[in-house]
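Have a look at the structure below, then the notes.
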Amino acid sequence: MAKKYRTIFIGTPEFAIPSLRALIADSDFEIIAAITQPDKKAGRKRILTPPPVKVEAEKNNIPVFQPEKIFLFLEEIKKMDPDVIVVAAYAQIVPKDMLEIPKHGCINVHGSLLPKYRGASCIQASILNGDKETGITIMKMDAGLDTGPIIHKESIEIEEHDTAGSLYGKLSKLGGKIIAPAIEGYIEGGIVPEPQDDSQSSYAPILKKDQGRIDWEKDAGYLEKFVRAMHPWPGAWTKTRSENKLLKITRVGHKILNINEHTVGQLFARNNGLAVQCGKGALEIKKMQIEGRNEMETDKFLIGHRDYVGILLK
RNA sequence: CGCGGGGUAGAGCAGUUGGCAGCUCGCCAGGCCCAUAACCUGGAGGCCGCCGGUUCAAAUCCGGCCCCCGCAA
């Protein structure tokens, strides 16, 4: 019972793990190598940390390669003679020349319903835009960025309390569920990848730290989505005007308060906790984290920080 | 050796010229009130992160260690 497909898995973070596991568990796939980003210094002690895909691959005795630049690694890939390459959240641009190497091409697991939200921040974008659903797209890669023809799509509901973090988990699991059947359906089941409708496409560029900063002039409805979209990274953050302390807003009430009597960016007491005035409407803050402290619920926070009522954020 | 904040009652925080360990919330008991999450009275609850040092005396000063967090990546 020989495995059918010599497969190279390319990916880096936690998101890719369910897909990797699914392929390892599927007897049709022989994972001949895992390619991932080099170890990076991470955490407070700046400890060299291997990416999750490396850890998982080594656990399964799969050879791991961590080229600094994958476009300088194509010869080695060619020598491995893969039948198919699966890419999931690799965090490097895959060069066009690589697409031709495997017999059955390169297959990508993407965290949105393409052609919507091509790009790295697809999950955040779906929340920020207030979508009711999102999903996973399995596609055949082509030269563009997330522009390849679609093999299979599966959607899930975005719930009102979903954050980028919670969706990330759900979508990564969903990817693991559908990746193997999708590839098999493509290679031997006669699925013909369907070109994307470029007129419906949108682009969700990679987020930078600064983009988590809250603009209190925006209306409360937008900021409610913003907080969920930025959680847990880069986090929706702001600063106190007086002490210039970093304040992360980690959870806000889903209901928009029809209150406009305070200065924009001002904290005020509400239901034993705190709320903040936005450009239009106000938001109840459920949880937040001040620099140097643990995240806490605002009613608890207030017990030791009465003086925060009325202060301004910027 | 990357930079910085922090660990004190169940929770959130004050408290360093060393001198009886405090506040707010919660909890328990009682009271007030038509009633209450409001108000009043009383009460329980602490090895002040751990180890050692200095001192008549350490939450506080000195040395070492553990843990949490922000920046940075």
Side-chain angles (χ1 to χ4, degrees), chain A residues 10-17 35-56 64 66-70 88-93 119-121 123-124 163-166 168 205-216 223 226-253 255 257 259 265-276 283-314:
Chain A
I10 302 183
T12 301
E14 207 60 45
F15 186 83
I17 299 300
I35 299 176
T36 189
Q37 294 278 62
D39 293 4
K40 287 193 173 148
K41 290 182 179 181
R44 236 160 249 131
K45 300 272 191 262
R46 323 272 38 245
I47 296 167
L48 210 55
T49 307
V53 162
K54 179 184 184 181
V55 175
E56 183 68 19
V64 173
Q66 299 175 279
E68 202 67 50
K69 303 283 182 191
I70 192 166
Y90 175 47
Q92 268 195 52
I93 303 292
S121 67
I123 298 176
Q124 290 89 340
T163 64
S166 66
Y168 185 96
I206 191 163
L207 286 175
K208 280 175 276 173
K209 192 86 168 197
D210 282 354
Q211 288 174 284
R213 183 162 199 156
I214 298 168
D215 176 3
W216 294 111
L223 290 177
F226 183 84
V227 168
R228 287 186 293 120
M230 295 302 139
H231 188 276
W233 197 92
W237 56 274
T238 184
K239 295 235 179 178
T240 63
R241 216 170 269 222
S242 47
E243 298 176 293
N244 200 38
K245 272 194 178 174
L246 181 72
L247 186 66
K248 284 187 178 174
I249 309 296
T250 51
R251 208 172 81 210
V252 298
K255 244 191 224 158
L257 307 174
I259 295 173
Q266 186 172 32
L267 290 176
F268 59 94
R270 170 88 186 176
N271 287 347
N272 291 326
L274 285 170
V276 59
L283 283 176
E284 193 170 332
I285 301 174
K286 301 284 198 190
K287 287 187 181 175
M288 60 187 209
Q289 180 174 28
I290 194 87
E291 168 183 336
R293 295 292 190 171
N294 289 316
E295 175 187 18
M296 65 186 96
E297 290 160 13
T298 50
D299 57 342
K300 303 279 176 59
F301 177 85
L302 214 45
I303 288 169
H305 301 88
R306 294 285 153 167
D307 51 328
Y308 271 69
V309 174
I311 69 160
L312 291 170
L313 305 173
K314 62 180 180 182

Scan nucleotides 5-8 of chain B against the protein and return all N/O pairs shorter than 3.5 Å with their distances rounded to 0.1 Å.
residue: B:G5; atom: N2; partner: A:G292; partner atom: O; Å: 2.9
residue: B:G6; atom: O2'; partner: A:R293; partner atom: NH1; Å: 3.1

Determine, step by step, whether A:L313 and A:T240 satisfy the side-chain contact (heavy atoms from CB on, under 4.5 Å) criterion, reporting the C-alpha distance in whole Å, the side-chain angles of both residues, the deciding distance to 0.1 Å, and the verdict. CA-CA 5 Å; A:L313 305 173; A:T240 63; 4.2 Å; yes
Determine the Euclidean distance between corresponding [atom1] atoms of [M] and [N]; express it in Å to zero decimal places.
| N | M | atom1 | value |
| --- | --- | --- | --- |
| B:A38 | B:A72 | P | 42 Å |
| B:C67 | B:C20 | C1' | 31 Å |
| B:G42 | B:C32 | C1' | 15 Å |
| B:A11 | B:G45 | C1' | 13 Å |
| B:G6 | B:G15 | C1' | 15 Å |
| B:G18 | B:C61 | P | 9 Å |
| B:C62 | B:C25 | P | 35 Å |
| B:C1 | B:U8 | P | 32 Å |

What is the distance, to the nearest angstrom, from the [atom1] atom on [X] to the [atom2] atom on [N]?
| X | N | atom1 | atom2 | result |
| --- | --- | --- | --- | --- |
| A:D39 | B:A73 | CG | P | 18 Å |
| A:K239 | B:C71 | NZ | P | 10 Å |
| A:I290 | B:G4 | CD1 | C1' | 15 Å |
| A:K45 | B:C71 | NZ | P | 16 Å |
| A:W237 | B:A72 | CH2 | C1' | 14 Å |
| A:K41 | B:C71 | NZ | C1' | 17 Å |
| A:Y308 | B:G12 | OH | C1' | 13 Å |
| A:E297 | B:G26 | CD | P | 15 Å |

Can you tell me the base-pairing partner of [N]? Count Watson-Crick or G-U wobble geometry only, both distances below 3.5 Å, and say none if there is no partner.
| N | value |
| --- | --- |
| B:U17 | none |
| B:G4 | B:C69 |
| B:C48 | none |
| B:A11 | B:U24 |
| B:C61 | B:G53 |
| B:A37 | none |

Want to settle it: does A:R46 or A:N272 sit nearer the 5' end of RNA chain B, counting the closest nucleotide to each?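 So the residue in question is A:R46.
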If you measure from [atom1] on [X] to [atom2] on [Y], what distance do you get to the nearest 0.5 Å?
| X | Y | atom1 | atom2 | result |
| --- | --- | --- | --- | --- |
| A:Y308 | A:M288 | OH | CE | 7.0 Å |
| A:I206 | A:K208 | CD1 | NZ | 9.5 Å |
| A:L283 | A:L257 | CG | CG | 7.0 Å |
| A:I290 | A:M296 | CD1 | CE | 9.0 Å |
| A:I249 | A:K287 | CD1 | NZ | 13.5 Å |

Side chain of A:R241, backbone of A:K314: donor and acceptor closer than 3.5 Å?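 No, the answer is negative, given that no donor and acceptor are paired below the 3.5 Å cut-off.
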Are any side-chain N or O atoms of A:Q124 and backbone N or O atoms of A:L207, one a donor and one an acceptor, separated by less than 3.5 Å?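 Not at all, since once roles are kept as given, no pair shorter than 3.5 Å links the two residues.
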Aromatic rings A:F301 and A:H305: how do their planes relate, parallel, tilted or perpendicular, breaks at 30° and 60°? parallel
Within less than 4.0 Å of OP1 or OP2 of B:C71, is there a side-chain N or O belonging to A:K248?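 Answer is yes, contact under 4.0 Å.
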Would you tell me if any nitrogen or oxygen in the side chain of A:Q289 comes within less than 4.0 Å of OP1 or OP2 on B:C69?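 Result: no.
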Please tell me if the side chains of A:E284 and A:T298 come closer than 4.5 Å, counting only heavy atoms from C-beta onward.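 Not touching, per the 4.5 Å side-chain cut-off.
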Quick one: are A:V53 and A:Q37 in side-chain contact, heavy atoms under 4.5 Å? no
Listed in order of residue number, which residues of residues 298-307 of chain A have a non-hydrogen atom at under 4.0 Å from RNA chain B? A:K300, A:F301, A:I303, A:G304, A:H305, A:R306
